[in-house]
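Keep in mind the model is a prediction, meaning the values are calculated, not measured.
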Amino acid sequence: MQLFYNSEINENTTQFSFSKEESKHIVKVLRKQVGDTMHITNGKGWLFTAEITLAGLKNCMAIVVSKIHRTKSKYDLHLAVAPTKMNDRYEWFLEKATEIGVTSITPIICDHSERKVIKVERFEKILQSAMKQSLQCYLPKLNDAIAYKDFIKTKFDGDRFIAHCEETQKQSLKDQIVANRNISLLIGPEGDFSAKEIELAIQNNFIPVSLGETRLRTETAAIVACHSVAFVNES
């Protein structure tokens, strides 16, 4: 099955048009014709089966012939991850975390952050592409970048953890994960969280955790954490 994404359709939609760019791809590249069926999601759990009624290079139209709403997972995973110095590494993280099943992502700007500006539009496209590739119907939410000190003071639903590399007392993340519970997890930049940031997290009820015995890159740590949560919830 090939999955398409359209944020504007909902359970009440009966007919819709694809954008000019998508229309060209559907008709010229995929060679879809009138009468062919397609699968579309709006990223909010709905999966639509549609039939093409007009196969134009600039305007491809379709009618909805069936729809189902897929059940959301019983837990939410919120990853707050500092942007990496090399942008492509963060993009890799976004792609893989989406495939595994992250719910929301917040870029956090930390004391040791070398990158403080993110490309929101590009990141959104990566999330959409990964969702379609992995045949999921829920698009992860990409939050605005925020300063660590501001983020840490926001309200959190569920368990909260901070993964860092300091030689202090930490729990193993895999031993702390409880199935079907919401989780917020902090991952720092290449230079790790500062001692002040770690202490601030602890003061705000974040549990310090370890992701293993080896020192991981930011993007690798985020994927290891994401997979650990998904694995526990699949057991």
Side-chain angles (χ1 to χ4, degrees), residues 1-79 90-107 118-144 157-158 179-183 222-223 226-227 229-231 233-234:
M1 182 177 78
Q2 186 170 26
L3 186 63
F4 292 83
Y5 170 67
N6 189 314
S7 63
E8 297 181 1
I9 63 176
N10 56 51
E11 61 271 29
N12 298 316
T13 300
T14 57
Q15 180 175 306
F16 62 93
S17 299
F18 288 95
S19 66
K20 182 178 179 180
E21 181 181 354
E22 285 184 315
S23 295
K24 183 177 180 180
H25 179 73
I26 291 169
V27 177
K28 189 172 183 179
V29 179
L30 300 180
R31 299 186 182 281
K32 295 287 187 179
Q33 302 176 355
V34 172
D36 287 347
T37 58
M38 303 173 62
H39 299 283
I40 306 104
T41 182
N42 61 0
K44 300 175 184 177
W46 284 97
L47 177 64
F48 304 91
T49 299
E51 181 180 309
I52 296 177
T53 57
L54 176 63
L57 288 174
K58 296 182 179 181
N59 184 25
C60 181
M61 298 183 65
I63 57 172
V64 175
V65 296
S66 67
K67 60 192 175 186
I68 60 172
H69 190 265
R70 291 189 171 177
T71 303
K72 195 175 184 295
S73 64
K74 295 181 180 180
Y75 72 96
D76 286 339
L77 172 58
H78 182 185
L79 291 178
Y90 205 83
E91 292 176 357
W92 178 83
F93 146 66
L94 292 173
E95 179 183 75
K96 302 310 174 187
T98 300
E99 292 177 13
I100 296 170
V102 69
T103 308
S104 57
I105 298 165
T106 301
I118 66 169
K119 300 178 180 179
V120 177
E121 290 186 5
R122 178 167 174 78
F123 284 2
E124 286 284 4
K125 289 183 178 180
I126 290 172
L127 295 178
Q128 293 169 15
S129 178
M131 176 190 66
K132 293 187 293 183
Q133 188 278 326
S134 54
L135 302 181
Q136 299 188 67
C137 292
Y138 285 93
L139 180 67
K141 181 181 179 183
L142 177 65
N143 298 308
D144 293 334
D157 177 27
N180 300 329
R181 285 182 62 87
N182 295 341
I183 289 178
I223 295 303
C226 188
H227 180 265
V229 174
F231 182 79
N233 279 277
E234 289 176 359

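Side-chain contact between Tyr90 and Ile105: present, with at least one pair of heavy atoms (C-beta onward) separated by less than 4.5 Å. Under the 4.5 Å side-chain criterion, counting only non-hydrogen atoms from C-beta, Ser104 is not in contact with Asp76. At a threshold of 4.5 Å between non-hydrogen side-chain atoms, the residues Val64 and Thr14 do not count as touching. Asn182 is not listed as a side-chain neighbour of Thr103, based on a closest heavy-atom distance of 4.5 Å or more. Met38 is listed as a side-chain neighbour of Ile26, based on a closest heavy-atom distance under 4.5 Å. In this structure the side chain of Leu3 reaches within 4.5 angstrom of the side chain of Leu47, judged on heavy atoms. Leu79 is listed as a side-chain neighbour of Cys226, based on a closest heavy-atom distance under 4.5 Å. Taking 4.5 Å as the limit, some side-chain heavy atom of Ser17 sits within range of a side-chain heavy atom of Met61.
Residue Gly43 comes nearest to Met131 through the heavy atom pair CA-SD, 4.0 Å, listed as atom of the first residue, atom of the second, then distance. Residues Asn143 and His78 approach most closely at ND2-NE2, 3.7 Å, considering heavy atoms. Ile118 approaches Pro107 most closely through the heavy-atom pair CD1-CG, 3.6 Å. Across Trp46 and Ile68, no two heavy atoms sit closer than the pair CE3-O, 3.3 Å. Of all heavy-atom pairs spanning Leu142 and Glu124, the tightest one is CB-OE2, 3.8 Å. Shown here for Arg181 and Tyr75, the closest heavy-atom pair between the two residues is O-CB, 3.6 Å.
Interatomic distance, Phe18 CZ to Ile9 CD1, rounded to the nearest 0.5 Å: 7.5 Å. Going from atom SG of Cys60 over to atom CZ of Phe16 covers 8.5 Å, rounded to the nearest 0.5 Å. In this structure, the separation between CZ on Phe4 and CG on Asn42 is 15.5 Å, given to the nearest 0.5 Å. The line from CD of Glu22 to CD1 of Ile40 is 9.5 Å long, rounded to the nearest 0.5 Å. Once rounded to the nearest 0.5 Å, the distance linking OH of Tyr138 with OG1 of Thr98 reads 15.5 Å. Here CG of Leu94 is found 12.0 Å from CD of Gln128. Values are rounded to the nearest 0.5 Å.
Atom NZ of Lys72 sits in a crowded spot, with more than 12 heavy atoms from other residues, nucleotides or ligands closer than 6.0 Å. Annotation: Asn10, atom CG; neighbour count of heavy atoms from other residues, nucleotides and ligands within 6.0 Å is above 12. The environment of Asp144 atom CG is sparse: at most 12 non-hydrogen atoms of other residues, nucleotides or ligands sit within 6.0 angstrom. The number of heavy-atom neighbours closer than 6.0 Å to NE2 of His227, taken from other residues, nucleotides and ligands shown, is 12 or below. When the shell of 6.0 Å around NZ of Lys67 is examined, it contains more than 12 heavy atoms from other residues, nucleotides or ligands.
A donor-acceptor pair under 3.5 Å is absent between the side-chain atoms of Asn233 and the main chain of Ala230, judged by distance alone.
A donor-acceptor contact closer than 3.5 angstrom is absent between the side chains of Glu21 and Ser19.
Glu91 has a carboxylate O that lies under 4.0 Å from a charged side-chain N of Arg122, or vice versa, which qualifies the two as a salt bridge.
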